[in-house]
Structures are given as C-alpha cells and as structure tokens.
Amino acid sequence: MEKPRREVVVGRIGRSMVRQHRLMPGRIETMMAVQVENTHLSKKEAASDSTGNLYTPSPDPDNATVIGGWGGKRRTAQRAVTGAALLGIGSAALLPPGRQVLSDLWCRARS
C-alpha cells in the first residue's frame, strides 16, 4: 500500500462517533471503555491462548461465516423513514399551542 491510512471509519454511526470524540474525547473514551468492559469482554470465561485469525483464516467453517448485520438496504431505508417520522412528530409536539401548522395553512389556502 503506497499511502497507508491510520483508521478507516465505516457507516454513519462511526462518523458520528468520530465527531463526538473530537468534541469530547475524554468522555467518549470513558464511555467506550465501559461499553467494551460490559458488553464485549466476558468476566465468566477466559479466552484460550491463540493467535486468532491474525496470521491465517480460521479453519473452522462456523467461525469463517458472516452473521448478523443491519438487514440490508431495505432495513436501512425503513430506519431512515421511521427516524424522519419520529423527528417530525417530536418537532410538532414542541410547537407552541397557538402556532399554526403548515398543513392548516395549506388547507385554508386551498379553500
């Protein structure tokens, strides 16, 4: 590789975390340390000594498969639509009670 890069950020959440880290590095480091300790590492069973898949791929086909994920483009689109709808509902809930909403103005204009 001619121009190696130190890190590659993947996805919207990854980019969001990089932005948060730039604003509050200490707090994000603490939050990630707690999350890794609580959710990624087991306190009950130790891992066996191994080089893992650092030098060679896993010989076990069960460990060599990709599982999980976010569900593809359809699920991502569903999440975006749901997020936009929730944002709209939340924004409408924050409007002052006497304020006219655009839909009211649109209905009046068409009458």
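Residues take their numbers from the sequence shown, with the count starting at 1.
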Hits for side chain to side chain contact (heavy atoms under 4.5 Å, CB included) against Gln20, two or more places apart or cross-chain, chain-then-number order -> Ser16, Ile28
Would you give the length of the straight line joining atom CZ of Arg19 to atom CE of Met24, rounded to the nearest 0.5 angstrom?
-> 12.5 Å
Which other residues end up in the same hydrophobic cluster as Val9, if Ile, Leu, Val, Met, Phe, Trp and Tyr are linked when side-chain heavy atoms come under 4.5 Å apart?
-> Val18
Is the shortest heavy-atom distance from the side chain of Met32 to the side chain of His21 under 4.5 Å?
-> no
So which residues get pulled into Leu87's cluster when ILVMFWY side chains under 4.5 Å apart are joined, directly or through others?
-> none
